[in-house]
Q: 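This is the structure I have questions about; it appears just below.
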There are 2 protein chains.
Amino acid sequence: MNINPDIPATTAVPGEKELIEEAVALVASYPKVPITVDCVIFGFDENELKVLLIRSDLPLFHGKWSLLGDFAGDQEELDDAAYRVMRSRTGMDDVYLEQVRTFSNPKRHPGGRVLTVAYCSLLNIEHHQLKTHENELHWHSFNGLKDMAFDHQEVLDYCYKWLQKRMQEHPLGLNLLPDKFSLRELQNLYEVVLNVKLDRRNFRKKFFSMDLLIDTGEYEDDVPHRPGRLYKFNFQKYEKNQRSWIGIDF
Amino acid sequence: MNINPDIPATTAVPGEKELIEEAVALVASYPKVPITVDCVIFGFDENELKVLLIRSDLPLFHGKWSLLGDFAGDQEELDDAAYRVMRSRTGMDDVYLEQVRTFSNPKRHPGGRVLTVAYCSLLNIEHHQLKTHENELHWHSFNGLKDMAFDHQEVLDYCYKWLQKRMQEHPLGLNLLPDKFSLRELQNLYEVVLNVKLDRRNFRKKFFSMDLLIDTGEYEDDVPHRPGRLYKFNFQKYEKNQRSWIGIDF
DNA sequence: TCAAAAGTGTTATTGTTACACCCATGC
DNA sequence: GCATGGGTGTAACAATAACACTTTTGA
């Protein structure tokens with residue numbers, strides 16, 4: 001790289017400055033598209049999977065439910081944009097967030113072509129108070145949702161499938177629970193999200209055998225029956241022992 | 001919807017036409033970004049994983065290898081754009097292609113901000129002849145690749161991890177082999193891509209027990225040793241018997 | 001006849017499923 | 001004392017991992 005960009009290395013070869021100008025001109029000549037991020041924010045409450053929604057602020061979709069989203073800033077990394085959306089609308093921070101997929105149907109926005117990159121987030125409803133209730137921002141039951149704004153139904157359905165798959169391979173779901181949880185809560189979570197019925201003893205055996213639950217020594221409170229032990233998840237140990245080879249399974 | 005858009009349903013409420021105009025104006029007011037698709041096209045030849053590359057045509061990256069990519073058309077679905085890239089540069093068609101991830105680092109293109117959506121493709125090198133060799137388009141060994149143009153090294157590494165994971169859950173890898181293949185070829189493929197050593201007898205048992213291999217009755221040819229039986233993969237049967245619940249495994 | 005890979009079974013171990021009874025607590 | 005869910009063990013079964021010899025072909 002030249003120290004002084006005004007003096008090219010040789011007179012025959014263009015300097016880095018010229019090359020960059022050329023690249024800038026090239027990029028400027030290409031079609032551009034508005035980009036949004038849309039956040040599918042899952043929660044778990046009262047034994048139901050919930051998703052954080054607002055009323056669409058686009059009059060064309062008056063009354064319809066919409067995911068939380070916003071246009072991406074000019075020089076903004078999309079992960080940052082997704083975090084910004086979460087923070088600005090809910091005050092939530094430091095949560096699990098992951099890019100899931102980009103939706104590019106040219107008809108997906110009635111105002112013209114808009115790409116959206118879907119992000120999926122999982123958080124514990126109790127630990128994060130909504131900072132606003134503008135546009136009826138609220139936790140909506142995942143089941144029975146239909147006829148959302150834009151292509152948000154499709155985005156949501158895709159993210160739900162993603163969640164189901166991902167939860168079986170990674171301890172994602174624990175982000176939906178409080179820090180301390182009973183095994184019953186954990187099992188309910190898996191049963192509800194994966195839509196299966198699991199054997200209680202086998203479920204316990206499975207989780208205990210992974211040796212990733214830390215017994216807090218504490219017990220549930222305010223339950224109208226024998227209280228269960230409360231556990232924490234050992235995320236540290238999990239991170240350390242990542243398996244690489246699993247097996248062929250299809 | 002109004003039959004005649006010039007006469008709103010009521011005088012107080014704006015008609016659909018006005019709402020759409022409003023949406024169009026809104027979209028027009030937002031920042032726009034150029035979008036590209038980049039195709040990571042994997043092949044398998046001489047017992048090595050290969051990837052289809054060209055020399056970057058951006059002078060700034062003179063001599064560096066680049067994925068096949070192009071800007072997305074104004075009203076083009078990104079899947080279509082990825083297909084177009086494959087077809088226009090290689091003549092290949094009707095191949096496995098899937099969106100993997102969007103890369104949005106604002107610094108990833110020296111000419112300014114350009115988003116790219118990475119697609120991953122798997123095909124059999126023998127069955128698809130390159131239609132051109134412009135820009136040194138060729139099958140490059142995956143191993144030992146480094147210092148590519150743009151962030152293409154990162155994109156490629158991400159797609160490789162994606163491939164490894166995906167190949168264990170779906171019979172993706174078969175797209176890399178000829179229609180008829182021996183079990184040795186199949187095992188080599190898995191060993192190379194997943195970078196593991198597998199027991200031959202257990203590997204056979206595994207695949208036969210899935211009952212998805214069709215014995216063609218034919219045998220290898222031109223091998224300097226006892227020829228192996230050739231099989232086809234029963235994609236139809238596989239598609240029909242998709243499992244929904246697998247299990248908790250992490 | 002040699003080299004090279006094809007083809008083939010058994011055993012030990014591990015993980016998974018199915019299943020039923022007593023226990024602790026709140027009401 | 002009763003309703004509710006907590007907590008526990010075992011046996012059958014399925015899947016996986018480890019391991020070695022004979023067969024077939026081309027050269």
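The figures here come from the full heavy-atom set of this structure, side chains too, leaving out hydrogens, waters and symmetry mates. Chain letters run A, B, ... following the sequence lines, proteins first, then strands; residues in each count from 1.
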Q: If you round to the nearest 0.5 Å, how far is CZ of R184(A) from CZ of R204(A)?
A: 8.5 Å

Q: Return the value, rounded to whole Å, for the distance between atom CD of Q187(A) and atom C1' of dG5(D).
A: 12 Å

Q: Taking atom types as modelled and ignoring hydrogens, do the side chains of E191(B) and Q187(B) form a donor-acceptor contact shorter than 3.5 angstrom?
A: yes

Q: Using a 4.0 Å heavy-atom cut-off, does R200(B) contact any base of the nucleic acid, only the sugar-phosphate backbone, or nothing at all?
A: base

Q: Does a distance-only test, which skips hydrogens and angles, find a donor-acceptor pair under 3.5 Å between the side chain of R226(B) and the base of dT23(D)?
A: yes

Q: Is it true that Y160(A) and F142(A) have ring centroids separated by less than 6.0 Å?
A: yes

Q: S141(A): which residues meet the side-chain hydrogen bond (donor to acceptor under 3.5 Å, both in side chains) condition with it, sequence neighbours left out?
A: E48(A)

Q: Decide whether a cation-pi geometry holds between R87(A) and Y83(A); the criteria are a distance under 6.0 Å from NZ or CZ to the six-membered ring centre and an angle within 45° of the ring axis.
A: no

Q: Kindly assign one of parallel, tilted or perpendicular to the pair F207(B) and F203(B), based on the angle between their ring planes and the thresholds 30° and 60°.
A: tilted

Q: Between Y238(A) and F233(A), what is the ring plane arrangement, given parallel below 30°, perpendicular above 60°, and tilted in between?
A: tilted

Q: For R229(B) and dT25(D), give me the distance from atom CZ to atom P, rounded to whole Å.
A: 12 Å

Q: Please report the distance, rounded to the nearest Å, between CZ in R184(A) and C1' in dG5(D).
A: 7 Å

Q: Rounding to a whole Å, what distance do you find between E220(A):CD and dT4(D):P?
A: 16 Å

Q: Quick one: L230(A) CG to dG6(D) P, roughly how many Å, whole number?
A: 11 Å

Q: Rounded to the Å, how far apart are Y231(A) OH and dG6(D) P?
A: 11 Å

Q: Reading DNA chain C from 5' to 3', where do the contacts with chain A start and stop? Cut-off is 4.0 Å to heavy atoms.
A: dT16(C) to dG26(C)

Q: Go along nucleotides 9-18 of chain D 5' to 3' and tag each nucleotide: B for a protein heavy atom under 4.0 Å from its base, S when only backbone or sugar atoms are that close, - otherwise.
A: BB-----SBB

Q: Could you tell me the separation between the CZ atom of F181(A) and the P atom of dG5(D), rounded to a whole number of Å?
A: 20 Å

Q: Parallel under 30°, tilted from 30 to 60°, perpendicular over 60°: which one fits the rings of W65(A) and H138(A)?
A: tilted

Q: Measure the distance from CZ on F203(A) to P on dG5(D) and round it to the nearest whole Å.
A: 17 Å

Q: Just by distance, with hydrogens left out, do E98(B) and Y96(B) show a side-chain donor and acceptor under 3.5 Å apart?
A: yes

